[in-house]
Protein chains: 2
Amino acid sequence: MLKLTKKADYGLMALKYLAERPDTPALSAKDIADAYGIPAQLLAKILQQLTKKGLLKSHAGMNGGYALSKPAASISAYEVILAIDGPFFITSCTKGAHGCDLTPSCTIKEPLARVNETIAGVLKSISIQDLAEHEHPSGQAPEPKLVTLTI
Amino acid sequence: MLKLTKKADYGLMALKYLAERPDTPALSAKDIADAYGIPAQLLAKILQQLTKKGLLKSHAGMNGGYALSKPAASISAYEVILAIDGPFFITSCTKGAHGCDLTPSCTIKEPLARVNETIAGVLKSISIQDLAEHEHPSGQAPEPKLVTLTI
DNA sequence: TGAACCCGGACTGTAACGGTCGTATACTAA
DNA sequence: TTAGTATACGACCGTTACAGTCCGGGTTCA
């Protein structure tokens with residue numbers, strides 16, 4: 001279906017939420033979960049993953065919580081999805097593990113791999129800040145990005 | 001994981017296989033399945049779906065099988081994936097059904113919807129013929145395609 | 001000390017995916 | 001007309017992954 005998981009969605013939402021509040025020292029998982037109406041325990045696990053990957057900094061104890069470990073502009077959507085869902089490949093046979101278990105004539109993977117790279121490139125070009133800044137009612141040119149694809 | 005299903009993979013492989021043999025009147029599901037070592041019954045179901053969507057023409061009986069219903073150049077990978085896996089959206093909440101069941105502040109969907117359109121555009125720009133023509137050993141510029149994305 | 005918070009493993013229910021089986025139907029050739 | 005080959009289609013099943021919950025533990029601060 002080519003869709004990313006809810007976990008990744010939640011993660012992006014949480015990072016966006018943090019990016020919009022750079023002045024607060026830390027926000028608890030519960031705070032963010034309540035803001036969006038998502039399960040707090042689930043979000044907590046997601047934030048823990050992001051922390052382990054270095055995208056967030058955590059602080060335990062009273063008034064603890066999570067904060068971005070680097071500027072929102074330097075965190076790409078790609079990093080977030082990668083941290084939560086692991087490496088994704090559009091083709092079922094990743095060719096990284098042990099090639100394709102099907103016959104060697106599975107020649108469609110190669111062109112699809114290019115598509116995969118293109119998608120990754122698009123996601124890499126989107127930062128959390130881009131998401132957070134999208135709060136404009138209307139009427140501004142949000143700088144189009146160009147992507148090239150060679151089959 | 002952002003990966004397309006094996007069914008879609010199989011469908012693309014089968015169409016590519018047909019596109020490489022435009023002179024044959026029809027190929028049975030078993031022939032194609034054997035060529036790639038994939039389950040014949042499963043491929044048959046996939047080809048039936050593609051037939052129902054109008055991408056293939058079927059012919060029962062002796063020497064029957066499937067054939068492309070239109071030139072390979074005018075069948076896009078997007079159509080194939082859409083026919084097999086149904087409409088895909090990168091966001092979990094499609095906004096088509098009944099909006100987002102989460103709080104109204106789920107503002108990350110909009111930029112991700114752009115990404116979704118970009119991916120769809122990429123897949124639409126790839127034809128079955130592109131896949132079939134990829135049989136070159138090396139040394140030719142396969143015309144790069146450009147894609148624009150505005151967040 | 002205790003409340004508030006993070007950490008992380010174990011567990012569960014549901015749904016989709018991948019695949020199989022069996023049967024009915026359609027067509028062609030001998 | 002009959003046998004064989006093929007599609008058509010629905011029912012079924014095992015596995016996996018996703019989404020979510022539960023609980024025991026460790027930190028920090030008031």
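By convention in this document, chain letters (A, B, ...) are assigned in the order of the sequence lines, proteins followed by strands, and residues within each chain are numbered from 1. When reading the values below, keep in mind they use all heavy atoms of this one structure, side chains included, and skip hydrogens, waters and symmetry mates.
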[N] [atom2] sits how many Å from [X] [atom1], rounded?
X: B/Met13; N: C/dG18; atom1: CE; atom2: C1'; value: 15 Å
X: A/Asp9; N: D/dC18; atom1: CG; atom2: P; value: 13 Å
X: A/Lys57; N: C/dC7; atom1: NZ; atom2: P; value: 13 Å
X: B/Leu43; N: D/dA6; atom1: CG; atom2: P; value: 14 Å
X: A/Lys6; N: D/dG20; atom1: NZ; atom2: C1'; value: 10 Å
X: B/Leu4; N: C/dG18; atom1: CG; atom2: C1'; value: 15 Å
X: A/Gln48; N: C/dC5; atom1: CD; atom2: C1'; value: 11 Å
X: A/Asp85; N: D/dC18; atom1: CG; atom2: C1'; value: 10 Å

Exercise. What pairs with A/Lys70 under salt bridge (Lys or Arg N to Asp or Glu O under 4.0 Å), at least two apart in sequence or on another chain?
Worked result: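 Counting only residues at least two positions away or on another chain, A/Lys70 forms a salt bridge (Lys or Arg N to Asp or Glu O under 4.0 Å) with A/Glu79.
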Does [N] have its OP1 or OP2 closer than 4.0 Å to a side-chain nitrogen or oxygen of [X]?
X: B/Thr51; N: D/dT7; answer: no
X: A/Tyr10; N: D/dG20; answer: yes
X: B/Ser58; N: D/dA8; answer: yes

For this session: Indicate the atoms forming the closest heavy-atom contact of A/Ile84 with A/Gly11, along with that distance.
Result: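 Reported closest heavy-atom pair: CD1-CA, 3.8 Å.
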Problem set entry | ring pair (Phe, Tyr, Trp, His ring centres under 6.0 Å): pairs with one or both residues in residues 14-33 of chain A, sequence neighbours excluded |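 For residues 14-33 of chain A, and leaving out neighbouring residues, the ring pair (Phe, Tyr, Trp, His ring centres under 6.0 Å) pairs sorted by first residue read A/Tyr17-A/Tyr36.
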For this session: Starting at the 5' end of nucleotides 21-30 of chain D, put B wherever the base has a protein heavy atom under 4.0 Å, S where only the sugar-phosphate does, and a dash everywhere else.
Result: BBB---BBB-
For this session: With the side chain of A/Thr5 defined as its heavy atoms from C-beta on, choose the nearest nucleotide among D/dA19, C/dC17, C/dC7.
Result: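 Out of D/dA19, C/dC17, C/dC7, the nucleotide with an atom closest to A/Thr5's side chain is D/dA19.
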Problem set entry | A/Ser127 backbone acceptor or donor facing A/Asp130 side chain under 3.5 Å |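 Yes: the side chain of A/Asp130 pairs with the backbone of A/Ser127.
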Would you give me the side-chain donor-acceptor pairs under 3.5 Å for residues 37-57 of chain A, sequence neighbours excluded?
residue	atom	partner	partner atom	Å
A/Thr51	OG1	A/Leu47	O	2.7

Exercise. Touch check for B/Ala44, heavy atoms < 4.0 angstrom, all strands: base, sugar-phosphate only, or nothing?
Worked result: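 Here B/Ala44 touches no strand at all.
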For this session: Describe the nucleic acid contact of B/Ala26 in one word from base, sugar-phosphate, nothing, applying a heavy-atom distance below 4.0 Å.
Result: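 Nothing: the residue B/Ala26, judged by heavy atoms under 4.0 Å, touches no strand.
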Exercise. By side chain to side chain donor-acceptor pair (under 3.5 Å), which residues pair with B/Ser28, not counting sequence neighbours?
Worked result: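 With neighbours one apart ignored, the set is B/Asp31.
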Exercise. Excluding sequence neighbours, so at least two apart, what forms side chain to side chain donor-acceptor pair (under 3.5 Å) with B/Lys30?
Worked result: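 Applying side chain to side chain donor-acceptor pair (under 3.5 Å) to B/Lys30 gives B/Asp34.
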